[in-house]
Amino acid sequence: MRYLPLTDTDRSAMLDVVGAPSIEALFSDVPESARLPGLIEGLPLHASEMAVERHMQRLSDRNIAAGSAPFFLGAGAYRHHVPSSVDHLIQRGEFLTAYTPYQPEIAQGTLQMLFEFQSQVARLLECEVANASMYDGSTACWEAVVMARRITKRGKSLISAGLHPHYVSTINTMAGFTGDVIDYTAPVLDAAADDEALIASIDDETSCVVVQYPDILGRLPDLAAIAEAAHSKGALLIAVVTEPVALGAIKSPGELGADIVVGEGQSLGVGLQFGGPYLGLFATREKYLRQMPGRLCGQTTDAEGKRGFVLTLSTREQHIRREKATSNICTNSGLCALAFSIHMTLLGEAGLRALAAENHRLACLAADRLGAVPGVELVNTSFFNEFTLKLSGNASAAVKALADRQILAGVSLGRLYPDAPDIGGGLIVAVTETTTLEDIEALAAGLQEVLA
Amino acid sequence: MRYLPLTDTDRSAMLDVVGAPSIEALFSDVPESARLPGLIEGLPLHASEMAVERHMQRLSDRNIAAGSAPFFLGAGAYRHHVPSSVDHLIQRGEFLTAYTPYQPEIAQGTLQMLFEFQSQVARLLECEVANASMYDGSTACWEAVVMARRITKRGKSLISAGLHPHYVSTINTMAGFTGDVIDYTAPVLDAAADDEALIASIDDETSCVVVQYPDILGRLPDLAAIAEAAHSKGALLIAVVTEPVALGAIKSPGELGADIVVGEGQSLGVGLQFGGPYLGLFATREKYLRQMPGRLCGQTTDAEGKRGFVLTLSTREQHIRREKATSNICTNSGLCALAFSIHMTLLGEAGLRALAAENHRLACLAADRLGAVPGVELVNTSFFNEFTLKLSGNASAAVKALADRQILAGVSLGRLYPDAPDIGGGLIVAVTETTTLEDIEALAAGLQEVLA
Amino acid sequence: LEEALIFEIGTTETTGVDLPAPAAGAPNRLGGLDRAESFGLPGLSEPETVRHYTRLSRQNYAIDCGIFPLGSCTMKHNPRLNEKVARMPGFGDVHPLQPESTVQGALAVIDELAEWLVTLTGMDAVAMSPKAGAHGELCGILCIRAALEARGDPREVVLVPESAHGTNPATAAFAGYRVEGIPATAEGRVDFEALKARLGPDVAAVMITNPNTCGLFERDMKAISDAVHAAGAFVYCDGANFNAIVGRVRPGDLGVDAMHINLHKTFSTPHGGGGPGSGPVVLSAALAPYAPLPFTVKQADGTISLIEEADVADHLPGSFGRMSAFSGQMGMFTRALAYILSHGADGLRQVSGDAVLNANYMLRSLEDLLDAPFGASGPCMHEALFSDASFAKGVSTLDVAKGLIDEGFHPMTMYFPLVVHGAMLIEPTECESKATLDQFIAAFRGIVERANAGDLGLTQAPLLAPRRRMDEATAARKPRLAWSPEAAA
Amino acid sequence: LEEALIFEIGTTETTGVDLPAPAAGAPNRLGGLDRAESFGLPGLSEPETVRHYTRLSRQNYAIDCGIFPLGSCTMKHNPRLNEKVARMPGFGDVHPLQPESTVQGALAVIDELAEWLVTLTGMDAVAMSPKAGAHGELCGILCIRAALEARGDPREVVLVPESAHGTNPATAAFAGYRVEGIPATAEGRVDFEALKARLGPDVAAVMITNPNTCGLFERDMKAISDAVHAAGAFVYCDGANFNAIVGRVRPGDLGVDAMHINLHKTFSTPHGGGGPGSGPVVLSAALAPYAPLPFTVKQADGTISLIEEADVADHLPGSFGRMSAFSGQMGMFTRALAYILSHGADGLRQVSGDAVLNANYMLRSLEDLLDAPFGASGPCMHEALFSDASFAKGVSTLDVAKGLIDEGFHPMTMYFPLVVHGAMLIEPTECESKATLDQFIAAFRGIVERANAGDLGLTQAPLLAPRRRMDEATAARKPRLAWSPEAAA
């Protein structure tokens, strides 16, 4: 057993010290009836590294990797080029195999990184404070709704039609148990987000308005107007960013007046990974700091006066506060935060702007090219790197047909909104710096073929 | 430029300090005529990481990787499973990007590793001392011949027919310039190495006898007898091991009487890499220590009495000794030595023995199966994990035909011995723990087809 | 050399990536929302970046550097094979919403891991999507709540032993329950009589950790489960300590209805300085109908379907819904599956055996110097619990912990569980060699002897770490959570 | 905590791999040579192995930890992309003897890199197979020797400047030549007049380093070449310092006949604690016909052939033969090619520019405190040379070097070149930021001030490293080169 250092000689010597005749004897407190006499049935024996690797490789080969086909999926998870040094650095054992930095004297590496991460996120989103990460965008969003209730003492949340439906589901699940009222309708295939209707729905019982930016269809809602309306009714604006690269091109939610900004940080450093682990971003105004969920890293000094960092305000956290905790998060996404932070450091503002510009440039090219395919109509008037097409046929069927042609065409609205069949022609297409002109041509040709 | 930290602001500030108007001005000592006014012609501009990776991936995809086809090549380079932790550890920046450990106070990591490596090699080969690595097996072999001349003051080297022909060529190249006499004939497709003829050729002018073990055809020469004969004439026995895994199954050259043992260490930890970088092993008797080429790491103590390690006996080395150096090596194969050492540490003696046994088991299976193919005859009576087949047709042609069928069948003797056409039917086949029964069946079926 | 912050060495013009410079006059469909102002994100070239993070990392302690004797936090070796596997393009580079036909291998990983978890726990089903242990706890409690609501019997109270992880009461409260404690017996186990007395029609569930946080197996577990079930409630088991019994004891055989499994604990996915985790929840037949979305279903033809909102009505109409976007922590699933396949049924049994042996060795090698409050309660499981009873006045558990740092070790878990004064909870795991244990024991004994003798020098420890003790009070009173030029001054 | 040797913690029974146990009675065709006795190789489990090497690594200084201001040794950032590329299966997992049709991509890498090297140097051909710089030097000298022998004019002497790398004379001697020195001028360059005077029919070659090891460009290089050629000899250029001029000056334009290129220096393949290197040798038209085997040839149909023994007569009958098995350091070629493509023609020009700027900045920031013997000879190239002239009695260059260690920096190159007393040769490379240079300069100035003032405390440095100064004398007098139970005592 390559992972187990004890030899049989060690085991005997240790059992002598312990005063037990066998390892089995150490389990004497387990009732006989619950103790398995031998190996668990139905499972194979241990396997060599080579055998395991082969098995996993076979499974991996049964997937079409995004990088091996024209690829246009987004809808909350984006494929970006991650510099090699990011993965190299996060695999350093001192980061990869470290524990939560509760012992700051020997965890300054993780702690300084978290402080830098928080600072980067705060600047990116233009909020005063950010936490050290959440599980992912959807759970961060749900925690923001809960936090808004704590702040406003109101129980009604207004959800924009443009919020990712998985996020909506996540919020709804929790609301089903807590009794909160969630006000939400699925989007319609319209040219622009219906900000006016949303604004009109804000009332004096509204705790928060949750708006995705850019939204699920790639549209850019008028955050500033919504913020103003929400504030005028005493409600908070929660902005949700699922594509942080966009903020290298468009105004930040903080600047536009959001009170809480949550996001999915996967785009930077983390990779697609079939949905997880991802990285929840969470930022807010300083005045709401003590209502914020999640771990926080703060600057302080040590006994010799040297600058250092510690986890702080942990009296909000559940492992300390028990039933009075502010959130459901304990283990978070430290390693993903590291990856995000390294990628962001490599980019810097100049790099992020260039990256965003390249995404937008290619997306504009793609929108024009794809919109010109017979039977295809571009829905968006504005977008960043993702837009929605209206197909003459069923988009889910088109996606399947294109997958058979080794083209990963995008996300059909039918899959995301099974109960809204009138948007079944909608296809969300994302374009990033990894998209080539050949990819766009391949999709255009494929669409033309399957829609013919 | 992602790898260049200076900004234009920095450059201006620094030029001010330097007192130069421009970077170009710093090249004023270069004659105008030799200074290129602009960019070198014919070369593209800088490229993004993504673009370079794509280009290299395209080139990589134009090769058939050994792991993606039934694979049977050996002849001096062997495909073994390398545990993932090996590659992880050698990529730690502190190993990967360290300099030669001339400053021992801040290089104990590399130095202790080298000391452990030397100790492992010495035990594996059963020699008293080993050095810290050479470029590869072939250059190590040539250096051994040179060393034998220094020790015996004789200029005639007797090379066994079983020595890898590339090694023979390398020795011959040097002999052509130094005037040494090299006595060598290519092998014949015989059942066993002709040890008796070799022994008969040893005379009083013989500096050394160079014998590969197992030899190029996979045969196991009688090292003990050759050693005895060589010693009786005052000559040294140089044993060459190109497959160190074999020493988990067969007696060591040191035990059998070799005076100098050189080897190719690629099998453990290093990987195929199309031929390099590889790892030269070099070990000998303590009495020849000061004639040994290459870097050496020794144990000592520091000013506080703590155990530590340093490079030592460097007065043999060319960067110090200049024209009186003992060898042509300066930079060696430190990182490959590390990979070898880690892999060896993971194996330990028990693991190496198990690995060798598994190689031999599969090789026996393969020899029987392939020898039963019509038109194929097994040449070897004994072997470890590599043996030679005599095909009814031309082996080079068979190798090509099988490559077209995506089977990498082995190394034809015709390729290695273009001047010895009578062995054109010979095919060297290597089998390791990475070979599956399906691979063997595929080769058997393929051979049957192309020989039919 | 102190490592500066990226904000102190980077500039907004510097970058470590090469991208085409934004072209003037390129198409712009940003709806007039262009971000004009600089937002102050510093960049570094690649060499500076690599060096910054390399140097930072060297200030960390990690499993790769030494033992983490953290009771209840199970820090074990992370095999490098698993890192390699997780990065295979078919796992690392697939989108969660790709068509099913293009991710059959990824779905097979989930399905295969699910089967192992169900088999190892003797349960009926497993919800794979929870993102960490606490999220899994919540999932389990929501299943219970959904089951109770489905039978029209909403209840209000969840009982939690005093020794429970803080996440247990937090989770129950988060799901809307009132939390009540259950006392422990003198030997460190749940007071079964007290528990029985409290059971009633208002109790929705009992949350139990087994092996418990005192490192003991709850001998009465089956009886407790029977009593809870008889009272119409459910048994939630905190699976944080599953490592102690994996391959030897199946929680399903003990009557457990739901248990989360911290993949990063028992199945060794890397902790990464605080996550990501992954918390699949195994469920009994009574709770399985309420499991969350999405989940995999193996079809007759061998293909695997991912059941989401569109199909849930046909497959699991009682599902309580989605707990997060997408399908869970795939990157952790691949690692955990590789870990499990590597160990196999025999290896996992050896894992729990060695983990328990190492803990008992630790217990018996220290109990002459240190108070082991439950040392007489039988063998411990995977962790050994001590109190500060022997320490002289002026020296605390914290001081001993910091003293360990100076000896080159990470401290043990401190002040948990709460049922013991100045608790020190030590879990060596099966990954430590006898030589390492002996080294740790020798160092620990030295420190304990100093503590018992009242050596106040310990209150200054650590002296040899990258930092001395930190001013945590100021950090909390005047929080500085983001860099600013002023704050840096 | 001191790290033990694997021999002290491992056993011959322990293993970190899982392989089937050897079966009794399996077929055995080992010819009776079974290795029966134990040979004492210790094994460790994977967790212990990872920890052992991780801990060892943490005792190393490396580029990832800080600057290596090593004159003449060019230690620059190693991009991680290159590590990734080298591990692509088509490069990392191909056998050197695979059929040509199955390795076209690998051969294309060699061919493409060769083209870049030829273009950047302005030469006619390149021999790719030498395994390191010294091996490349030998290759170049052998080409010269082959060319001379081919014209029936064997000669005996190779001239080498006093400031040359030690490998130069060693190589010439190894190839059978007598080595004679050429003096340097007071301004640190080759004494052209003395060289001219020595040229004659016995001189086979002149080996010159340019930029030279004093960090200066040999202004007379073209004239030297012309004179050497006129005397029927060849010019060998040591390419160790090519980083200073890459993209700006082509050695071919200066009349060089052969020059090795240390890929790990100029093109940033990792040094790995002492190798592997790679030393391709560019050749003039006069030497190209004698280049070693094997080499690549691009066919009319675009495929690439590898010319080995079988085909050499048709392609290069004058080839002097093979210098090693197989085709050279493929793993370094992929890295170097990725490095070159990443920089491009513009980036490489910036590389040499920034390298020279950084060195001049260093020179001018230190010369007020330190003696810069050739500081008045014009701008330096990529490295700045100082002497120990300003140090007070009792303090040496070595002490200053060790003092740098305590400041967190790797020392500069010491006592080389030999033409300067107590030489200190500093090469920052283009990979260091101004901030790092300023940090280094500040620390260095502090130490030099102490040295100039005669602070003997420096003779005790380093105090803060993992080890104090080592007893190298005993190490050499009583060498302990392998572990043994006795030696460990």
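Predicted model, so just to flag it, every value in this text is computed and none were measured. Numbers restart at 1 for each chain; the letters A, B, ... are given by sequence-line order, proteins then strands.
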What pairs of donor and acceptor atoms, side-chain ones from residues 16-27 of chain B against any protein atom, are under 3.5 angstrom apart with sequence neighbours left out?
{"from": "B:Ser22", "atom 1": "OG", "to": "B:Glu24", "atom 2": "N", "distance (Å)": "3.4"}
{"from": "B:Ser22", "atom 1": "OG", "to": "B:Ala25", "atom 2": "N", "distance (Å)": "3.1"}
{"from": "B:Glu24", "atom 1": "OE2", "to": "D:Arg248", "atom 2": "NH1", "distance (Å)": "3.1"}

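- For C:Arg51, no part lies near chain B; criterion is any non-hydrogen pair under 4.5 Å.
- If you measure heavy-atom distances from C:Asn82 to chain B, you find no contacts under 4.5 Å at all.
- Taking chain B as the reference chain and counting heavy-atom pairs below 4.5 Å, the highest number among C:Leu81, C:Leu19, C:Thr54 is found for C:Leu81.
- Here the OG1 atom belonging to C:Thr14 is positioned 15.5 Å from the CZ atom belonging to B:Arg2, to the nearest 0.5 angstrom.
- Other residues, nucleotides and ligands contribute more than 12 heavy atoms inside 6.0 Å of the CD atom of B:Glu304.
- Proximity to chain C is limited to the backbone of B:Leu4, based on heavy atoms less than 4.5 angstrom apart.
- There is no contact between B:Ala51 and chain C, counting heavy-atom distances below 4.5 Å.
- Within the 4.5 Å cutoff, side-chain heavy atoms of B:Glu49 are placed close to those of C:Glu46.
- Among the candidates B:Gly93, B:Pro83, B:Pro5, the residue making the largest number of heavy-atom pairs closer than 4.5 Å to chain C is B:Pro5.
- Of all heavy-atom pairs between C:Asp18 and B:Ala47, the closest is OD2-O, 4.1 Å.
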Show your working on side chain to side chain contact (heavy atoms under 4.5 Å, CB included) between C:Arg58 and B:Glu94 and close with a plain yes or no. CA-CA 10 Å; C:Arg58 289 167 62 97; B:Glu94 292 93 330; 2.6 Å; yes
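- Tested against B:Ser85 for a side chain to side chain contact (heavy atoms under 4.5 Å, CB included), the candidates C:Arg80, C:His77, C:Glu83 yield a single pass: C:Arg80.
- Looking at C:Glu48, only its side chain comes within 4.5 Å of chain B, counting heavy atoms on both sides.
- Under the 4.5 Å side-chain criterion, counting only non-hydrogen atoms from C-beta, B:Met50 is not in contact with C:Val17.
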